Amino acid sequence: MAQPPGIHARRAALRLLDAVLRRGETLDQSFAAATGDVRRPEDKALARAIAGEALRWLADVDALIDGATRQRLPDDAKPRMVLRLMLAQWLRLGTPPHAVIATALPLLAGGPRRLAHGVFSTLTKQSATLPAAPTLPEAVRQRWGALADEAAPGLAEPPPLDLALRDPSETAHWANQLAAESLAPGHLRLPRGAAVETLPGFAEGAWWVQDLAASLPARLLGAGEGRHALDLCAAPGGKTLQLAAAGWQVTALDVSKRRLELLRDNLGRTGLKAGVVRADALAWEPKHRFDAILLDAPCTATGTARRHPDVLHRIGPRQIAEMAELQSALLARAAEWLKPGGVLVYAVCSMEREEGEGRAAEVALDPLPIRGEELPGGLAATAEGWLRTSPGMLADHGGLDGFFVARWRKAE
């Protein structure tokens with residue numbers, strides 16, 4: 001019996017959801033295996049979109065399912081998993097209910113199939129809706145505190161496309177060429193979905209893809225004027241490119257061979273130069289000290305939930321504690337490698353206080369407070385002189401990732 005068109009994409013979406021919720025994998029890690037039997041690129045993208053929206057709105061979708069069933073389905077029950085995908089397609093991707101039924105119910109058989117059909121039909125008859133902003137998982141709300149309410153509206157949609165320019169003086173030119181919005185010198189924002197490689201300026205290396213929040217740490221080091229900077233945990237290279245474009249002599253260090261290849265590709269495309277070192281930062285020793293060090297440390301990446309909604313469901317105390325221990329060790333190493341008078345910038349794309357504020361409080365260098373005039377309009381430093389962004393900030397312009405950034409100077 002022939003399967004309905006689109007069934008492979010739905011089956012792949014189910015595999016993705018299962019990989020995240022049951023095995024704790026990331027969407028990126030599980031994507032190749034989950035979509036292995038999906039031939040068309042657009043169907044692979046659809047599978048990712050369905051699973052992503054189900055994860056983004058999981059608490060609210062589950063509430064709808066629970067309201068339409070007499071007995072609560074277990075979290076990992078296949079009918080619940082399929083219903084999550086069905087509701088994500090209908091309520092978030094605008095798939096007509098008849099098409100949702102035709103492509104999703106074949107994933108089930110017998111009683112579970114009848115159950116899912118009945119629940120979905122009930123909800124469509126009730127004209128069920130989702131709230132304006134997703135309800136975050138209870139564990140996330142407890143960890144983030146007041147930041148959760150601020151962040152939630154910014155997590156309702158996948159993010160727009162941000163670009164960083166090699167030459168910030170050409171911001172107006174490229175904004176006109178790309179019909180883009182600019183929120184800071186050297187920054188451009190386009191609607192999501194643009195095919196990056198086909199955009200004007202890509203081939204000649206005029207810009208690279210980089211979220212606005214991710215560009216802020218390197219901006220805080222200013223012009224290099226030929227001085228030496230170390231980009232720790234550098235790959236895939238956005239911050240290395242920023243530093244090189246700002247006149248720093250950059251040493252870019254990372255342990256990942258694959259990610260360093262991306263960095264080298266970006267250096268080649270943009271014509272910028274940096275010394276690339278593959279090494280473990282906890283074992284490596286530099287040949288000289290640095291005027292500036294940028295440590296964008298490995299972290300749980302919960303600040304990237306707009307584009308990676310899986311982080312809302314697979315990060316817990318164990319992962320946070322492991323990352324905090326690594327971050328402390330990296331900060332201690334970085335402080336040793338600064339010249340007297342040198343500047344250290346620490347950043348994580350995490351919403352967790354243990355990875356941001358908690359780590360910054362340990363640093364025994366002289367604070368170099370971040371000033372409001374160094375930041376794009378609409379952002380401000382904290383009372384401590386740190387920077388904390390969240391997805392709900394700059395909401396009228398499409399938001400930004402959640403980051404923590406702090407800066408210090410080593411005594412002369």
Side-chain angles (χ1 to χ4, degrees), residues 213-235 237-256 260 263 267 272-299 323-350 354-371 373-375 381-382 384-388 403-412:
S215 76
L216 299 178
R219 290 171 181 264
L220 295 173
L221 288 173
E225 300 173 336
R227 292 175 293 161
H228 291 273
L230 172 63
D231 186 4
L232 266 179
C233 312
K239 297 175 182 66
T240 294
L241 299 177
Q242 282 183 279
L243 293 171
W248 293 91
Q249 294 188 52
V250 186
T251 299
L253 184 143
D254 203 279
V255 73
S256 169
L260 281 176
L263 190 154
L267 287 170
L272 295 168
K273 298 187 182 303
V276 178
V277 178
R278 183 186 174 201
D280 180 349
L282 296 179
W284 179 73
E285 286 293 340
K287 295 179 180 179
H288 60 81
R289 296 299 185 251
F290 295 91
D291 300 291
I293 297 178
L294 173 53
L295 171 56
D296 185 4
C299 68
M323 285 298 171
E325 183 178 1
L326 174 60
Q327 291 151 4
S328 290
L330 289 169
L331 275 166
R333 300 281 280 173
E336 294 175 2
W337 299 335
L338 275 178
K339 290 179 180 178
V343 175
L344 169 64
V345 169
Y346 171 72
V348 284
C349 56
S350 171
E354 295 92 332
E355 298 183 86
E357 292 85 347
R359 302 285 65 77
E362 296 177 344
V363 176
L365 300 174
D366 295 335
L368 185 58
I370 296 167
R371 306 183 309 277
E373 57 267 28
E374 297 178 276
L375 303 173
T382 67
E384 298 88 351
W386 302 332
L387 174 64
R388 165 61 77 185
F403 259 78
F404 174 85
V405 189
R407 184 174 60 183
W408 301 269
R409 188 186 301 278
K410 191 169 190 175
E412 299 196 41

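Note that the coordinates shown come from a computational prediction; the quantities given were computed from them, not determined experimentally. Along the sequence shown, the residues carry numbers beginning at 1.
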Check this for me: E384, atom CD, are more than 12 non-hydrogen atoms of other residues, nucleotides or ligands nearer than 6.0 Å?
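Result for CD/E384: enclosed.
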Is the side chain of [X] donor-acceptor paired with the backbone N or O of [Y] at a distance under 3.5 Å, no angle test?
X    : Y    : answer
D254 : A235 : yes
R388 : E357 : no
K410 : A335 : yes
Q327 : P298 : yes
W248 : G222 : yes
R289 : E336 : yes

Heavy-atom closest pair, residues [X] and [Y]:
X    : Y    : result
L232 : A281 : CD2-CB, 3.7 Å
T240 : A252 : OG1-CB, 3.5 Å
V405 : A347 : CG2-CB, 4.2 Å
A229 : F290 : C-CD2, 3.7 Å
E412 : P340 : CA-CB, 3.8 Å
V343 : R407 : CG1-CG, 3.7 Å

Results of side chain to side chain contact (heavy atoms under 4.5 Å, CB included) for V363 - residues two or more places apart only
L331, L365, W408
To the nearest 0.5 Å, how far apart are [atom1] in [X] and [atom2] in [Y]?
X    : Y    : atom1 : atom2 : result
K287 : T251 : NZ    : OG1   : 10.0 Å
L221 : K239 : CG    : NZ    : 11.5 Å
L368 : L344 : CG    : CG    : 10.5 Å
L330 : R359 : CG    : CZ    : 11.5 Å
D231 : L294 : CG    : CG    : 5.0 Å
L263 : L241 : CG    : CG    : 6.5 Å

ring-ring contact (aromatic ring centres under 6.0 Å, His included) partners of F403, counting only residues at least two apart
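Checked F403 against ring-ring contact (aromatic ring centres under 6.0 Å, His included); zero matches.
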Stepwise side chain to side chain contact (heavy atoms under 4.5 Å, CB included) test for V276 and L267
CA-CA 10 Å; V276 178; L267 287 170; 3.9 Å; yes
Answer whether the closest heavy-atom distance between the side chains of E354 and E325 falls below 4.5 Å.
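The answer is no, as the side chains (C-beta and beyond) never meet within the 4.5 Å cut-off.
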E355 and F404, any side-chain heavy atoms less than 4.5 Å apart:
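No, every pair of side-chain atoms sits at 4.5 Å or beyond.
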List the steps, then state whether side chain to side chain contact (heavy atoms under 4.5 Å, CB included) holds for R219 with Q242.
CA-CA 8 Å; R219 290 171 181 264; Q242 282 183 279; 3.9 Å; yes
Under 4.0 Å between a Lys/Arg side-chain N and an Asp/Glu carboxylate O for D291 and K339?
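Result for this pair is yes, salt bridge flagged.
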